[in-house]
Amino acid sequence: MSSDPAGPTDVIQPLWSFRDDVVVEPATGGDLVVLTRWGDVTVDAPAPSIAESLYRMTFGPIALTNIDGLNNGDLYKLFDRLPGCVVRSLGLRDSSSPLLSVTPLSPRGILQLPILSVTRPVRLSRFAFLREAGGELLLESPLSYYRVVLHRPLATWVVSSLGQATTSADVAQGINMAQPVVAEIVAYLAATGMVVTGEPGSGGQAPTFAEDSDPDLLTWSPYDLLFHSRSRLGRHDDPAGAVYRHNLAPLPVVKPVPEGRRFPLYQPDLTAPTAGEISLTEAIERRRSMREFADEGPSVRELGELLYRTARVRAQRETLGAGGARYTVSERPYPSTGSLYELDLYLTVDRCDGLPCGNYHYDPQGHALTLINENATHTDELLDSAMMLTGAQRRPPVLITITARMGRLSWVYDGISYASTLKHVGVLQQTLYLVATMLGLAPCALAMGDSEVATAAFGLDWPAEVSVGEFAVGKPAGATDPP
């Protein structure tokens with residue numbers, strides 16, 4: 001890590017520290033061991049000034065100029081062996097706390113401050129976002145290997161002035177702050193990718209920014225790229241996986257059956273040969289999305305077989321989690337992370353021999369439907385929306401809405417809960433497709449649905465339980481659509 005040009009010596013105070021999870025310990029022979037989340041690094045018999053710097057950096061930001069006899073070049077060479085561990089902060093000489101701090105989130109996070117003209121066009125990246133944590137504002141981006149902590153209002157004022165193309169000189173004038181301070185704050189933000197630099201427009205045209213025309217970035221919305229980066233490892237340092245972070249009681253393995261008229265469903269004998277049963281290969285090859293349905297809907301017996309073969313609870317068992325926590329998991333026909341099965345099914349029925357129109361909850365343990373809502377307005381909204389989304393000429397006979405009780409997953413898993421839920425929706429939909437194909441039904445997964453209508457129709461406790469997928473079922477009518 002090379003030394004970066006410091007700001008004006010009478011104003012700017014560059015500060016250095018380690019991430020909170022870095023520990024420095026003595027080893028044999030006068031050596032030091034730096035323990036990091038990316039691996040341990042042994043420092044062979046460092047000079048006293050180097051050793052003092054490393055120890056002091058574990059307690060918070062320090063000015064290297066305050067350490068007697070320190071050779072900065074030797075320390076920077078050592079920092080090169082500690083990628084992703086050094087936090088860079090920017091302070092003022094008359095202040096006890098930094099303006100901002102840049103924390104690396106990956107070993108690729110090695111900060112190099114650019115030299116920017118105060119008249120260079122700058123702007124916040126469209127992927128940057130602010131959030132609160134621990135009483136401070138964090139600036140983050142899925143494109144960045146850093147997290148910027150805005151410790152003081154001065155830094156926040158600068159960030160809030162960068163929502164459109166501007167310059168450091170204009171920001172300084174607009175918020176009445178010293179230009180060198182603003183320029184240095186912008187340099188830190190640009191080094192992290194939170195701020196993008198542009199080229200001045202010619203002939204009175206607006207400045208241009210490469211981010212706005214990059215074809216690889218244009219294909220991503222900020223929300224999708226953030227979701228992708230936070231549900232995978234590599235660009236964040238948040239807890240991920242089975243960490244049991246929430247001090248809450250686990251949700252029951254099956255949602256309590258709501259009140260309402262109950263309809264027990266047909267249970268096929270899976271050991272007996274089924275008329276017209278086809279092989280898995282044939283089901284996969286014949287699977288199609290069918291967006292036009294016959295006038296006649298499926299029978300309640302066919303629905304019962306479809307749900308039994310795809311979504312019932314086959315068994316339950318108790319398991320042991322971290323810290324000795326015991327909770328119940330289940331076995332069902334489709335896979336689920338940790339066997340937690342957060343998905344629930346609700347059926348909106350338009351035409352089905354044996355079931356009145358309305359909204360139903362499916363009980364996967366008792367294999368039965370409960371009529372929970374006969375409000376025609378809710379039924380009409382859900383079915384009309386499904387018809388529009390499939391491009392059909394009439395409503396689907398039955399719409400299956402898939403919901404998720406997120407606490408079932410997030411009680412165990414952190415960072416990947418919702419990403420896992422969407423994968424579960426996909427495997428459940430494929431299971432529904434294959435079984436519906438075997439039964440001679442017409443299936444069609446929907447691209448999206450209206451979560452507010454679903455919440456009202458099914459009486460969901462949003463956001464504890466949210467709708468995450470839809471699947472229409474009917475009888476075939478005419479030619480099938482493409483897969």
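Just the heavy atoms: all of them, side chains too, but no hydrogens, waters or symmetry mates, feed the values below. Along the sequence shown, residues are numbered consecutively beginning with 1.
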Within the distance-only criterion (no hydrogens, no angle test), does the side chain of [X] pair as donor or acceptor with the backbone N or O of [Y] below 3.5 angstrom?
X      : Y      : answer
Tyr146 : Ile110 : yes
Gln393 : Glu292 : no
Thr58  : Tyr55  : yes
Arg262 : Glu259 : no
Arg81  : Thr42  : yes
His367 : Tyr266 : yes
Gln429 : Glu470 : yes
Arg314 : Arg332 : yes
Asp363 : Gly366 : yes
Ser141 : Leu143 : yes

To the nearest 0.5 Å, tell me how far [X] [atom1] sits from [Y] [atom2].
X      : Y      : atom1 : atom2 : result
Phe293 : Lys475 : CZ    : NZ    : 13.0 Å
Arg232 : Phe227 : CZ    : CZ    : 11.0 Å
Asp212 : Leu217 : CG    : CG    : 9.5 Å
Thr403 : Leu345 : OG1   : CG    : 7.5 Å
Tyr362 : Leu369 : OH    : CG    : 8.0 Å
Phe471 : Leu432 : CZ    : CG    : 5.0 Å

For His228, the option from Tyr418, Tyr223, Trp220 that meets ring pair (Phe, Tyr, Trp, His ring centres under 6.0 Å) | Trp220
Salt bridge (Lys or Arg N to Asp or Glu O under 4.0 Å) with Glu465: which of Arg408, Arg405, Lys255?
->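 For Glu465, the salt bridge (Lys or Arg N to Asp or Glu O under 4.0 Å) test succeeds with only one of Arg408, Arg405, Lys255, which is Lys255.
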Looking at [X] and [Y], what are the two nearest heavy atoms and their distance?
X      : Y      : answer
Arg326 : Pro250 : O-CG, 4.5 Å
Leu105 : Trp38  : O-CH2, 3.3 Å
Pro258 : His361 : CD-ND1, 3.4 Å
Cys352 : Pro298 : SG-O, 3.1 Å
His424 : Leu409 : CE1-CD1, 4.0 Å
Ser101 : Val87  : CB-CG1, 4.1 Å

Less than 4.5 Å apart, side chain to side chain, heavy atoms only: is that true for [X] and [Y]?
X      : Y      : answer
Val86  : Met57  : yes
Thr36  : Phe18  : no
Glu211 : Ser125 : yes
Val468 : Leu343 : yes
His236 : Glu140 : no
Pro207 : Arg123 : no
Leu303 : Leu355 : yes
Val253 : Val329 : no

So for atom [atom1], which belongs to [X], do other residues, nucleotides or ligands contribute more than 12 heavy atoms lying within a distance under 6.0 Å?
X      : atom1 : result
Glu132 : CD    : yes
Gln164 : CD    : no
Arg37  : CZ    : yes

Hey, mind stepping through Val196 and Arg126 against side chain to side chain contact (heavy atoms under 4.5 Å, CB included) and telling me if it holds?
-> CA-CA 9 Å; Val196 292; Arg126 73 183 182 95; over 6 Å; no
Give me the ring orientation class for Trp411 and Tyr327: parallel if the planes are under 30° apart, tilted from 30 to 60°, perpendicular past 60°.
-> perpendicular
Classify the ring geometry between Tyr341 and Tyr334 as parallel (under 30°), tilted (30 to 60°) or perpendicular (over 60°).
-> perpendicular
Would [X] and [Y] pass as an ion pair if we require N to O under 4.0 Å?
X      : Y      : value
Arg394 : Asp295 : yes
Arg395 : Asp350 : yes
Arg301 : Asp353 : no

Carefully, step by step, assess Leu307 and Leu347 under the rule side chain to side chain contact (heavy atoms under 4.5 Å, CB included).
-> CA-CA 11 Å; Leu307 294 172; Leu347 276 63; 4.2 Å; yes
Pick from [options]: which one makes a side-chain contact (heavy atoms from CB on, under 4.5 Å) with [X]?
X      : options                : result
Phe458 : Asn373, Val453, Thr401 : Thr401
Ser339 : Gln316, Glu331, Arg317 : Arg317
Glu302 : Leu439, Leu441, Val473 : Leu441

In sequence, state the C-alpha distance, the side-chain angles, and the governing distance for Phe79 and Trp16, and then conclude on ring pair (Phe, Tyr, Trp, His ring centres under 6.0 Å).
-> CA-CA 11 Å; Phe79 288 163; Trp16 305 72; 5.5 Å; yes
Stepwise side chain to side chain contact (heavy atoms under 4.5 Å, CB included) check, Leu382 with Asn359 = CA-CA 10 Å; Leu382 287 166; Asn359 301 120; 3.7 Å; yes
